[in-house]
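As structure tokens, the structure follows; a few thoughts come after it.
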Amino acid sequence: MDSVEVSSADIARLAGVRPTAVSNWRRRHDDFPAPIGGTEKSPRFSLDEVLAWLSQQGKTVEVGSQREFEQAVSAAAATTPLAETLRNALFALLDHASDTKTDERGWRERLEVSADRLAAKHPGLPGAAEIGTVDAAQATMLNAAIEAAAGLPVADLAVELYDQIVDRRLGKGDTATPSELAKLMVALADPGGGPLCDLACGAGSILVAAAERGCREVLGMEINPARAQLAALRLDSGGPESPVRSQLTNDGALGSDPFGAASAAAVATYPPFNDRNWAQGIPEDEPWWHYGIPSGRESELAWLQRALFQLRPDGTAVLVMPPAAAARPSGRRIRRRLLSDGVIHAVFALPRGSLYGTALAPHLWLLRPVSGTSATHSALMADFSAHVTDNQRPDWDRIEADAVAAWSAYRRGETASRDDTTVVSAMELLEGNVDLTPGRYLPLRFGDADLHEPERRRSETTALLDRLADRIAGLPGELPGLKDSVRWATIETLEQNDEVSLHRGLPVLREPRPGAEAIRVVRAHRAADEEFADVEPGQHVPRVRAGDLLASVIGERVSVRQTTEDDLDAAPAWGTVIIRTDPRRIDPAFLAGFLAGTLAEQQLSRASSSLGVNSIRDLRRIRVALPGIDDQRRYAGLFTALADIAADSSSLARRAEALTRGWRDSAWAVIAARTDPAA
């Protein structure tokens, strides 16, 4: 049976060393295990062989069965689509956790039995024919699932598998719906006991959110067989206390009707965006083309009509839409007809980062069947794109609270407007290009005029300007002389001589993993008080100490700063490196002064091999001029003073911008307050 494959980074985390140490082991030890996969630049090794080698070197490493299982899933997904890998893993956990380990052939037979059993429960799903070949990596992963299940509850492993792997990786290419967005969509759709239908359910995020909210019946369609099976397995793996009746089919929603018209109490769907081939093979006489067949650029309007066909007369459909769908000229005719019939009831703008793998700031369209009110209809327009946390991520709690409150008030006939919410008549929406972008209809946001704010900003800016002038006046009239000769050495050489050590940063995650430790991280180029990294048990974590430098390579410049008390005991963020010097030989402030200067910048511009940013390899190649330690310390004070002047100058520029903007905005707030309401 093949071992789990691990990368050099995995080995470094397990052994609690820097990744460079693994490279050194490979160069210096002929008996280090040879790669069993990957590429020359990114080799992968047998975990069993690496653990045995580490044991021979006197390094004992404990690898939990769950961690080994997760590594095995990652290795298996390198050769098999992730949806299929996760489906197989869930089959192993839910159906075969009590079985013994077996080989590729044995696992294929087991998975075929599981697939047929799932298809019998969900008649629209494929069975054993969809399993395909089970390779060695898949068999290793499935055996690791059995071993992990021996120490942890199967249900917990199943949830962890989906939440931690699907949310991070499947979403990049498979339009998986983030769990927070799925919960918001279900709350707005309000399916009650159901059924709730998702016409492009993918791996089932919206269906699971509906079940968790108390919906007892769900309907799902998904054209990709493995994702459809994965959605069924997630619903079957438990969670809701009472059983959920589910119907899932492996059909394309735009060309089939397995459930019948008006069969859903609610529809919630995140359809594929910008699908230019959506109409291929789709009959033109389907009953859902009530508002006409959209153009090739308007696939989202095709899904919208399909959702209306599925909806009961008193139901609500919630669709994720790209912002362009609200205003594209090619969709104007259909938008006009939808508005004239009173079908579009609300459009909500969401922040960037609401979807995986895209910088789009999506919209939610809320639809209800034809009301017959024609042009007397109105629609709720809301812009929640500014509802973000301090680190510019969607503030889902606030978004859901405001969106549900606004939708509920609108349904009750209340029309009070706020800065981010307003009700617009259909007559106004039908004008011109029939643009449904919420921001077009919201009032300009003038804050209340604070007549004392401009004076406060002026006092703060003047104080900062005076401090900057004092710092500049305090610079020495001439540079100190040197007593010793100067040597040149690269950062890499200094590291090999133990004069400095470099410690890489940790990836910053969207959310800490349940049960894992979250550690605060800091950056070289800006403060980041509220960013965190996810730390696994036993993982080596570099911590900031007094006297450290924080550095990162950005393009052809080094961003470097000395650490402060606020940085202590935090970890560097990904792309930021701790540089720790031996103060007996290298003064950290002196080194920071060199790295921030033109000589370091010239070396990066001439010899940088990085195609992106934040390359520790480029940092190591910089050659530093080093006089004796006493000379370094004399210059260190000067470099620290210059760094303080540079920091104050940047602060002054920002403060001056805030001063001028604040005075200007206060002036316009006074003017706006005198506007004639009848104008």
TODO: Show your working on side chain to side chain donor-acceptor pair (under 3.5 Å) between Q310 and S263 and close with a plain yes or no.
DONE: CA-CA 6 Å; Q310 205 71 59; S263 57; 2.6 Å; yes
TODO: Apply the test side chain to side chain contact (heavy atoms under 4.5 Å, CB included) to residues L196 and L219: give CA-CA distance (whole Å), side-chain angles for both, the deciding distance (0.1 Å), then the verdict.
DONE: CA-CA 6 Å; L196 176 137; L219 312 174; over 6 Å; no
Open item on the list: If you apply the rule side chain to side chain contact (heavy atoms under 4.5 Å, CB included), what do you find for Y291 with L304, and how did you get there?
Closed with: CA-CA 10 Å; Y291 297 98; L304 182 151; 5.9 Å; no
TODO: Take R368 and T316 through the side chain to side chain donor-acceptor pair (under 3.5 Å) test and state the conclusion after the steps.
DONE: CA-CA 5 Å; R368 292 178 64 81; T316 300; 2.7 Å; yes
Task: side chain to side chain donor-acceptor pair (under 3.5 Å) evaluation trace for D198 with Y270 - done: CA-CA 8 Å; D198 186 349; Y270 172 15; over 6 Å; no
Task: Derivation and outcome, side chain to side chain contact (heavy atoms under 4.5 Å, CB included), residues H387 and D402 - done: CA-CA 10 Å; H387 283 28; D402 286 357; 2.8 Å; yes
Task: Intermediate values then yes/no, salt bridge (Lys or Arg N to Asp or Glu O under 4.0 Å), E84 and R227 - done: CA-CA 7 Å; E84 296 178 25; R227 289 203 295 266; over 6 Å; no
Task: Stepwise side chain to side chain contact (heavy atoms under 4.5 Å, CB included) test for T177 and V320 - done: CA-CA 10 Å; T177 307; V320 182; 5.6 Å; no
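Note that OG of S114 and CZ of F91 are 5.5 Å apart. Values are rounded to the nearest 0.5 Å. Atoms OG and NZ, from S246 and K121 in turn, are 6.0 Å apart once rounded to the nearest 0.5 Å. Atom CG of L339 sits about 12.5 Å away from atom CD1 of I334, to the nearest 0.5 Å. To the nearest 0.5 Å, atoms CG (L367) and CG (L338) are separated by 7.5 Å. Between atom CZ of residue R306 and atom CH2 of residue W289 there is a gap of 9.0 Å, rounded to the nearest 0.5 Å. Note that the CG atom of L254 and the CD1 atom of I282 stand 5.0 Å from one another [nearest 0.5 Å].
In this structure, the side chains of D257 and D251 stay at 4.5 Å or more apart for every pair of heavy atoms. Contact check for W288 versus L308: no side-chain heavy atoms found under the 4.5 Å cut-off. Counting heavy atoms from C-beta on, the side chains of L380 and F348 come closer than 4.5 Å. In this structure, W303 and Q305 have side chains that are not in contact, with every pair of non-hydrogen atoms separated by 4.5 Å or more. For the pair E217 and Q247, the minimum side-chain heavy-atom distance is below 4.5 Å. By the 4.5 Å heavy-atom criterion applied to side chains, M321 and L364 are not counted as neighbours. You'll find the side chain of H345 reaches within 4.5 Å of the side chain of H377, heavy atoms only. Contact of the T358 side chain with the F273 side chain is not registered, since no non-hydrogen atoms from C-beta on lie closer than 4.5 Å.
Checked for salt-bridge contact, R328 and E300 meet the test: a charged N lies under 4.0 Å from a carboxylate O. A salt bridge is defined here as a Lys NZ or Arg NE, NH1 or NH2 lying under 4.0 Å from an Asp or Glu carboxylate O, and E400 with K183 fails to meet this definition.
When all heavy atoms are compared, the tightest approach of L355 to P178 is CA-CG, 4.2 Å. Closest approach of F309 to G260, counting heavy atoms only: CE2-C, 4.5 Å. Listed here is the closest heavy atom pair of E657 and T660: O-OG1, 3.0 Å. Here the shortest heavy-atom pairing between G439 and D383 reads CA-OD2, 4.3 Å. Heavy atoms only, all atoms of each residue included: R335 and A325 are closest at NH1-O, 3.3 Å. Residue R352 comes nearest to P394 through the heavy atom pair O-CG, 3.8 Å, listed as atom of the first residue, atom of the second, then distance.
Of the possible donor and acceptor atoms, one in the side chain of N224 sits under 3.5 Å from a partner among the backbone N and O of A226. S385 contributes no side-chain N or O that, together with a main-chain N or O of L350, makes up a donor-acceptor pair within less than 3.5 Å. Side-chain atoms of E222 come within 3.5 Å of backbone atoms of G202 as a donor-acceptor pair (strictly under, hydrogens ignored). For the pair S354 (side chain) and P351 (backbone), a donor-acceptor distance under 3.5 Å is present. In this structure a side-chain-to-backbone donor-acceptor pair under 3.5 Å is present from R336 to L430.
For the ring pair (Phe, Tyr, Trp, His ring centres under 6.0 Å) test, residues two or more places apart in sequence or in another chain that qualify with Y410 are W407. Under the rule for a salt bridge (charged side-chain N to carboxylate O under 4.0 Å, His left out), the partners of D435 that lie at least two apart in sequence or sit in another chain are R440.
In I223, the CD1 atom is not crowded: 12 or fewer heavy atoms of neighbouring residues, nucleotides or ligands sit closer than 6.0 Å.
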